[in-house]
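The block underneath contains the structure these notes are about, expressed in structure tokens.
Values below: all heavy atoms of this structure, side chains included; hydrogens, waters and symmetry mates excluded. Start at 1 with the first residue, then count along the sequence. Indexing begins at 1, ligand by ligand and atom by atom, following the structure's order.
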Amino acid sequence: MKAVATRVMPASPEAIETAVRCLSDGGLVAFPTETVYGLGADATNGGAIARLYAAKERPAFNPLIAHVADPPAAHVLGRFDAAADRLAAEFWPGPLTLVVPQGKGCPVAALATAGLDTIALRAPEHPVAHALLAAFGRPVVAPSANRSGHVSATTAAHVLADLGDRIDLIIDGGPAPVGIESAIVACLGGAPQLLRPGGVAREAIEHALGQPLASPPSVMDSATAEGAPLAPGMLKSHYAPRAALRLGAETVSPGEALLAFGPAAAERASCAVAARNLSACGDLNEAAANLFAHLRALDASGASVIAVMPIPDIGLGAAINDRLIRAAAPRS
Ligand code: TXA
Ligand code: MG
């Protein structure tokens with residue numbers, strides 16, 4: 001891979017203009033969304049998408065989400081059934097991705113969808129993401145702006161640390177407010193299925209649908225013996241810091257760092273090499289927003305093990321636990 005000079009620009013109309021030019025030229029632009037930073041490329045440009053996979057070191061069987069400014073732009077790319085329409089009306093713009101059948105003549109490059117006949121679509125709410133998509137006027141594929149398998153990036157500094165010298169531009173719009181990736185729901189006829197818990201809680205999605213979501217493939221058995229994922233991208237080991245993770249920790253052992261949650265953490269923190277609290281008041285939304293930055297910070301402490309206190313498995317806690325289980329999974 002040829003090293004490029006990565007330019008970092010604070011969010012501004014000038015940055016949006018530069019980003020649009022860069023995307024049009026087949027470049028790679030990282031930009032903030034409300035969930036995490038995305039690494040954007042023109043979804044209709046196969047060459048740009050090939051560069052994107054290379055920059056992330058992402059396996060090409062793992063398809064990308066096409067980001068659009070609004071529902072009408074999504075309807076050009078995919079076919080929406082009643083459930084998809086309802087979810088888009090309720091949660092877009094926002095941290096929800098819908099997997100739907102591809103529309104006839106969908107202009108998104110086959111490389112981005114890994115040759116599937118479905119497509120993942122999202123209309124983000126973040127003003128910088130929205131301004132970029134509206135100004136570009138074409139779909140933008142954007143995986144999380146981290147190297148494949150690493151902890152996702154929630155700040156421009158995280159993006160630079162992972163992808164500096166590999167991408168053209170980073171728009172710095174401050175920390176991503178939700179902090180955890182979008183929830184992914186497949187609407188392919190039949191009951192909608194939750195493929196990835198994320199920034200919209202399962203409970204809220206089910207409430208909007210008026211019916212339960214079909215269960216996601218379990219984190220623990222979503223990769224087959226051959227290592228080919230059943231749902232693409234649902235790899236067991238992911239979001240992995242360098243340190244090992246010990247989940248459900250009630251105590252801290254000597255030499256461990258602590259990822260705490262809730263008010264009871266102070267005492268435990270005093271024995272840890274380094275400690276961060278996801279939310280001292282036990283707020284799961286605050287915890288999601290802090291998750292990836294705290295994991296990166298504890299990893300930087302040099303501890304070989306990060307002890308993680310239990311997180312309630314409700315609301316955004318389900319998405320947090322999903323990411324932690326993957327981060328703790330054996331590395332290949
Ligand atoms: O919040 C987010 O969704 C962020 C921001 C940047 O929008 N993006 C993100 O992208 O998390 P990525 O590439 O890290 O994760 C996308 C997931 C992958 O697990 C991929 O396998 C899945 O979406 N996916 C994409 N297209 C799919 C499809 N047609 N069917 C099933 N899963 C799909
Ligand atoms: Mg990712």
Sub-4.5 Å side-chain heavy-atom contact between Ser24 and Phe136: yes
Test item: Arg7 and Ile170 side chains (from C-beta on) under 4.5 Å apart, heavy atoms: no
Residue-ligand contact Ala142/ligand 1, heavy atom below 4.0 Å: yes
Which ligand 1 atoms, with their elements, are less than 4.0 angstrom from a heavy-atom of [X]?
X      : answer
Gly38  : 6 (C)
Glu181 : 1 (O), 2 (C), 11 (O)
Leu116 : 28 (C), 29 (N)
Thr118 : 28 (C), 29 (N), 30 (N)
Ser182 : 1 (O), 2 (C), 3 (O)
Leu195 : 31 (C)
Ala120 : 25 (C), 26 (N), 27 (C)
Asn62  : 18 (C), 20 (C), 21 (O)

Under-4.0 Å heavy-atom contact with ligand 1, by part of Gln193 that carries it: neither
Mode of Thr113 contact toward ligand 1 - side chain, backbone, both, neither (heavy atoms, under 4.0 Å): neither
Ion pair check, Glu90 and Arg86, cut-off under 4.0 Å: no
Ion pair Glu181/Arg122, N-O distance below 4.0 Å: no
CA sep, side-chain torsions, deciding dist, call: Ile167, Val159, side chain to side chain contact (heavy atoms under 4.5 Å, CB included): CA-CA 10 Å; Ile167 65 176; Val159 180; 4.0 Å; yes
Side chain to side chain contact (heavy atoms under 4.5 Å, CB included) between His150 and Ser144, worked out: CA-CA 10 Å; His150 283 201; Ser144 51; over 6 Å; no
Main-chain N/O of Val305 paired to Glu256 side chain as donor or acceptor, under 3.5 Å: no
Main-chain N/O of Gly26 paired to Arg51 side chain as donor or acceptor, under 3.5 Å: yes
Test log, rule side chain to side chain contact (heavy atoms under 4.5 Å, CB included), inputs Val151 and Asn146: CA-CA 7 Å; Val151 174; Asn146 52 276; over 6 Å; no
Short N or O distance, Arg58 and ligand 1, threshold 3.5 Å exclusive: yes
Any N, O or S atom of Ser144 closer than 2.8 Å to the Mg ion (ligand 2): yes
Proximity winner for atom 27 (C) of ligand 1, if only heavy atoms of Pro32, Pro63, Ala186 are counted: Pro63
